[in-house]
Each structure stands twice: as structure tokens, then as C-alpha cells.
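What follows is one structure encoded as C-alpha cells, with my remarks underneath.
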Amino acid sequence: MEYYNNITDIKNEIEKNVGRDVKLKANVGRRKMYESTGTIEQVYPSIFVVRLDNDAKGCVSFSYSDVLTKTVTLSYKN
């Protein structure tokens, strides 16, 4: 995902890619990183939801500000 400097651009980019596979990296604090793959499932006004492909087979949600502050990074798969 390209670097954007406002939340509206980030939201529009994620909305365009609903249903697309992504590689997700999230900083969970104390120098710990969470990495997984999944699919962007839904987009809401303040958050977006990613359905995970790993063993847990659950969903995680993040705010657009998480992407803006680089707490979460998304890489689109082909």
C-alpha cells in the first residue's frame, strides 16, 4: 500500500480493494509484531475488517488511523 497522509485517502484505497488478499503486519506493543494473511472483508466509517487465513480463522478490525500512524501495514497480494 502506498503511503497516504490523510485518513480519507486511506479509506478510499481500502474501499477499492475490498475482497482482495493482503499481507498484514501489526505492531502490538513491546517490540512485538503480528503478521498474517487475509482478505479485506468489510469497510465501515471508522474501521475496516480483515478475515484471517491462518489457523484461528477469525476476523480482526483496525481503524484507518492505525494505517496512517503505521501501526498497521497492508501489502496487497496479486
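Numbers for residues simply follow the sequence, beginning at 1. Quick note: numbers below take in every heavy atom, side chains included, and nothing from hydrogens, waters or symmetry partners.
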Review point. Do you know the tightest heavy-atom contact between Lys11 and Pro45?
Key: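 Of all heavy-atom pairs spanning Lys11 and Pro45, the closest is NZ-CA, 3.8 Å.
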
**Study point:** Set of salt bridge (Lys or Arg N to Asp or Glu O under 4.0 Å) partners for Lys16, sequence neighbours left out
**Key:** Glu13

Atom [atom1] of [X] and atom [atom2] of [Y]: how far apart are they, to the nearest 0.5 Å?
X	Y	atom1	atom2	value
Arg20	Lys77	CZ	NZ	11.5 Å
Glu35	Ser75	CD	OG	9.5 Å
Asp53	Asp21	CG	CG	6.0 Å
Tyr44	Ser61	OH	OG	9.5 Å
Leu52	Tyr34	CG	OH	4.5 Å
Lys25	Thr37	NZ	OG1	12.5 Å

Review point. Does Val18 share a hydrophobic cluster with Ile7, counting links as ILVMFWY side-chain heavy atoms below 4.5 Å and allowing steps through other members?
Key: yes

Practice item. Run through Leu74, Val22, Val50 and flag the one making a side chain to side chain contact (heavy atoms under 4.5 Å, CB included) with Ile14. Key: Leu74

**Study point:** Contact check, side chains of Leu24 and Val60, non-hydrogen atoms, under 4.5 Å
**Key:** yes

Exercise for review: Decide yes or no for Val67 and Tyr4: does some side-chain heavy atom of the first lie under 4.5 Å from some side-chain heavy atom of the second?
Suggested key: no

Review point. Hey, does the side chain of Tyr64 reach the backbone of Ile47 with a donor-acceptor pair shorter than 3.5 angstrom?
Key: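 Checking the backbone N and O of Ile47 against the side chain of Tyr64, a donor-acceptor pair under 3.5 Å is found.
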
Exercise for review: Check for a donor-acceptor pair, side chain of Asn12 on one end and backbone N or O of Asp9 on the other, with a separation under 3.5 Å.
Suggested key: no

**Study point:** Derivation and outcome, side-chain contact (heavy atoms from CB on, under 4.5 Å), residues Ile40 and Tyr76
**Key:** CA-CA 10 Å; Ile40 300 173; Tyr76 298 114; 3.9 Å; yes

Exercise for review: For the residue pair Asn27 and Thr71, confirm or rule out a side-chain donor-acceptor distance under 3.5 Å.
Suggested key: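 Not at all, the side chains of Asn27 and Thr71 share no donor-acceptor pair under 3.5 Å.
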
